[in-house]
Every structure is written in structure tokens, then in C-alpha cells.
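This report concerns only the one structure given below.
Below, chains carry the letters A, B, ... as their sequence lines are ordered, and counting in each starts from 1.
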Amino acid sequence: MPELPEVETVRRGLAPVLEGARLVRVEQRRADLRFQFPPRFAKRLTGARIERLGRRAKYLVADLDTGESLIMHLGMSGSFRIETDASATQPGAFHMPRGKDQAHDHVVFATDGGAHVIYNDPRRFGFMDLVATEGLETCKHFGAMGVEPLGNAFNADYLAGRLKGKKAPIKAALLDQRIVAGLGNIYVCEALWRARLSPERTSGSLVRANGRPTEKLEKLTGAVRDVLADAIAAGGSTLRDHRQADGTLGYFQHSFSVYDRKGTGCPREGCGVEIRRLVQSGRSTFFCPRCQR
DNA sequence: CGCATCCCCTGCCTGC
DNA sequence: TGCAGGCAGGGGATGC
């Protein structure tokens with residue numbers, strides 16, 4: 001469940017259950033996900049109270065009353081679900097399919113409120129870490145990270161400074177978390193379409209010789225903000241039957257203009273040209289060859 | 001240095 | 001129906 005809107009949606013789903021809760025039991029079922037868990041992971045968490053559940057880019061950050069923060073990244077296939085005594089008896093309550101899927105339940109957090117928050121991740125590209133809350137912004141995960149795309153620091157002037165002279169295509173630059181942190185393949189494709197910008201345009205070509213942003217770059221920053229805001233409002237995108245923590249489905253995937261829509265007509269009024277797919281840095285790019293220049 | 005490629009892992013879909 | 005190949009929302013390590 002990975003890009004910023006999906007992680008933000010997960011955060012909002014987990015916050016009511018985790019914020020203010022004390023972890024009475026933590027079960028770590030394997031030694032590693034993408035990386036090894038930190039030493040004594042479960043022990044350092046047990047008994048801790050979660051004061052706040054935040055988000056930085058695609059990371060969830062739970063600030064604890066122990067002076068540490070629990071950092072969680074969902075990789076490509078990570079998801080959380082919440083199980084409570086009540087959810088088992090409520091009519092119409094949602095339940096994840098049992099069986100083989102449970103083989104990928106890697107971590108269970110039990111709260112003093114009686115909830116089980118279960119982390120499931122088939123591909124195991126996600127990871128968890130414990131880091132001192134003080135100086136969190138300079139820790140190894142966040143130290144080199146770029147600005148939040150929904151924050152005030154993300155604007156055309158900032159991007160111009162980071163893209164000036166860069167030869168990499170704009171698609172790659174937007175995926176680079178050291179420049180902007182939180183965008184992934186879907187929302188980069190969608191933002192470029194909204195900005196009518198070719199994914200193959202050289203980053204530096206969007207900056208004037210005097211270092212000022214071009215109009216295209218201004219438009220791109222707005223498109224990034226807008227597509228993220230729209231996606232968050234829709235509860236994120238639900239691909240391959242993933243669900244949010246409370247069992248509901250995001251629905252922004254129905255609003256994709258280009259992502260995973262190769263061969264369909266460009267939805268822009270009066271266009272209709274076939275959406276194409278190309279591969280950039282090993283990843284699919286979807287775009288309209290007519291209206292993205 | 002910047003940039004592209006490969007790789008980690010499992011599951012699902014396609015085509016033969 | 002089985003099987004091989006390709007692809008997937010991420011990002012770290014390598015090599016040019």
C-alpha cells in the first residue's frame with residue numbers, strides 16, 4: 001500500500017486505535033522483513049504508550065513515551081488490519097481472508113484497548129525500525145530525504161533549485177525521494193499527465209537559464225499537490241484487492257487518467273489518443289503522447 | 001558525480 | 001491444467 005496517499009489513509013485508519021494506547025504485547029514472527037528488525041524490538045515496544053501516529057513521506061512514525069519512535073515502511077505489499085473482539089461479532093464486519101494469507105502476518109501489536117493491529121507483507125519489502133525521537137529528522141531514514149510534497153517547502157522555486165542542470169528525465173527526478181519524498185509511480189504518472197508534461201523531458205529543461213522555474217514547472221507543482229489531495233480525499237488507490245486498516249477500499253484507482261491504462265483513450269477533453277507505456281529506469285511510465293510535451 | 005540497471009520477494013496474470 | 005515469463009504501489013547496492 002505504498003505511495004503517500006495510501007500511507008496517509010493507513011495512518012488515519014490506525015490513529016484512532018493506536019494513539020493514546022499502550023502496547024501490552026508485541027509479537028515479531030520473523031527475524032527480518034526487508035532488513036533485520038532492530039535488537040530487542042518487541043521488548044523495547046512492550047509497555048510503551050503511543051503518543052502520536054504521524055507520517056513522513058511513505059513512512060508511518062509512532063512516537064512513544066519511551067523516547068523512541070517506531071518507524072514503519074510498507075514497501076510494495078505491506079498492509080495493516082485491525083482486529084477487535086467487537087469486529088468479530090458485529091454483523092457485516094469485515095474479515096481478511098484466512099489461510100495462506102496469514103502466513104504473511106509478520107508483526108502483531110496488542111493494545112490495552114483490546115485491539116490487535118496486524119502487519120501483513122507478502123513480498124517483505126517493508127521494514128520497521130526504532131529510532132530516538134529527538135533528532136528524528138536527521139536519522140538515517142529521514143536525514144537525506146527531500147521535502148513533503150504537500151508542505152509549504154514544496155514549490156516551483158524549490159524544484160527549480162533541485163532540477164537545474166539535471167539531465168535525468170523529469171519522471172525519474174519526481175521519483176527521487178531525496179528531492180520530493182512521498183511520490184511513487186502512480187502519482188508521478190498522473191501528475192505529469194495533469195501538467196501536460198512529457199515524462200521524458202529533461203529535468204533541467206524546466207528551469208530557465210536564470211534559475212527561475214518555467215511555467216511548466218509551476219504547473220507541475222500544482223498538479224502534484226492536486227493529485228495527492230484528490231487521492232487522499234478518495235481514501236487512496238486500491239490495487240490488487242488491498243484494503244485499508246478498517247477494511248474499507250480506497251477508490252482513487254477509478255480516477256486514474258493514465259496509470260495502467262495503456263491502449264485506452266486519453267481522457268482529456270478533445271484528445272482521445274491512445275495511452276502509451278514506456279519503461280524508464282526499469283519502471284512503467286504511462287502517458288499521452290499528444291497532450292504531454 | 002549522476003544516472004541506469006539489477007536485485008530483494010511473493011503472487012497474479014498472460015500466453016503457449 | 002501446467003508452466004514459463006512478465007509484471008507489480010519501493011528503494012538500496014552496484015557499475016558505467
In this structure, how many angstroms lie between the [atom2] atom of [N] and the [atom1] atom of [X], rounded?
X	N	atom1	atom2	value
A:H104	B:dC9	NE2	P	13 Å
A:E3	C:dG9	CD	P	8 Å
A:F127	C:dG12	CZ	P	7 Å
A:L60	C:dG10	CG	P	15 Å
A:Q177	B:dG2	CD	C1'	17 Å
A:H73	C:dG10	NE2	C1'	6 Å
A:R162	B:dG2	CZ	C1'	13 Å
A:E6	C:dG9	CD	C1'	7 Å

Taking only the side-chain nitrogens and oxygens of A:K58, find out if one of them lies under 4.0 Å from OP1 or OP2 of C:dG9.
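For C:dG9, OP1/OP2 do not have a side-chain N/O of A:K58 under 4.0 Å.
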side-chain N/O A:S284 vs C:dA8 OP1/OP2, d < 4.0 Å:
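Affirmative; the distance criterion is met.
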Expressed in whole Å, how much space separates the P atoms belonging to B:dG11 and C:dG12?
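These two P atoms come out 24 Å apart once rounded.
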Rounding to the closest angstrom, what is the interatomic distance between C:dG5 and B:dC7 at atom P?
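Here C:dG5 and B:dC7 have their P atoms 15 Å from each other.
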Between A:L53, A:L18, A:V61, which is the residue that forms a side chain to side chain contact (heavy atoms under 4.5 Å, CB included) with A:R11?
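Going through A:L53, A:L18, A:V61 one by one, the side chain to side chain contact (heavy atoms under 4.5 Å, CB included) with A:R11 is satisfied by A:L53 alone.
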If you check every side-chain atom of A:R34, which of C:dC7, C:dG9, C:dG12 has the closest atom?
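Shortest atom-to-atom distance from the side chain points to C:dG12.
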Under the rule for salt bridge (charged side-chain N to carboxylate O under 4.0 Å, His left out), what residues qualify as partners of A:R30, not counting sequence neighbours?
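For A:R30, the residues satisfying salt bridge (charged side-chain N to carboxylate O under 4.0 Å, His left out) (neighbours in sequence not counted) are A:D32.
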A:R212: what forms a salt bridge (charged side-chain N to carboxylate O under 4.0 Å, His left out) with it, not counting sequence neighbours?
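A:R212 satisfies salt bridge (charged side-chain N to carboxylate O under 4.0 Å, His left out) with A:D157 once adjacent residues are dropped.
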Donor-acceptor pair present, A:R124 side chain and B:dC9 base, under 3.5 Å:
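A donor-acceptor contact between them is absent.
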Donor-acceptor pair (no angle test) under 3.5 Å: A:R283 side chain, C:dA8 base:
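A donor-acceptor contact between them is absent.
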Sub-6.0 Å ring centroid separation between A:F256 and A:F286:
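Not close enough - the centres of the two rings lie 6.0 Å or further apart.
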Please determine whether the number of non-hydrogen atoms from other residues, nucleotides or ligands lying under 6.0 Å from atom CZ of A:R276 exceeds 12.
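Counting neighbours around CZ of A:R276, 12 or fewer heavy atoms of other residues, nucleotides or ligands fall under 6.0 Å, so no.
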Please compare A:R178 and A:G282 by the position of their nearest nucleotide in DNA chain B and report the one closer to 5'.
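Between the two, 5'-proximity favours A:R178.
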Secondary structure string for DNA chain B (Watson-Crick or G-U under 3.5 angstrom, | for other-strand pairs)
.|||||||.|||||||
Charged N to carboxylate O below 4.0 Å: is that the case for A:D112 and A:R49?
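Salt bridge absent between A:D112 and A:R49.
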Please work out if A:P5 contacts a base, only the sugar-phosphate, or nothing of the nucleic acid, heavy-atom cut-off 4.0 Å.
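If one applies the 4.0 Å heavy-atom cut-off, A:P5 turns out to touch nothing in the nucleic acid.
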Stacking between C:dG10 and A:F125, yes or no? Criterion: centroid separation under 5.5 angstrom, plane angle under 30 degrees.
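Stacking is present between C:dG10 and A:F125, given that their ring centres fall under 5.5 Å apart and the planes under 30°.
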Do A:Q253 and A:L239 make a side-chain contact, defined as non-hydrogen atoms from C-beta onward lying under 4.5 Å apart?
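In contact.
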Contact between A:N155 and A:V147 at the side-chain level, heavy atoms closer than 4.5 Å - yes or no?
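Side chain of A:N155 against side chain of A:V147, heavy atoms only: no contact under 4.5 Å found.
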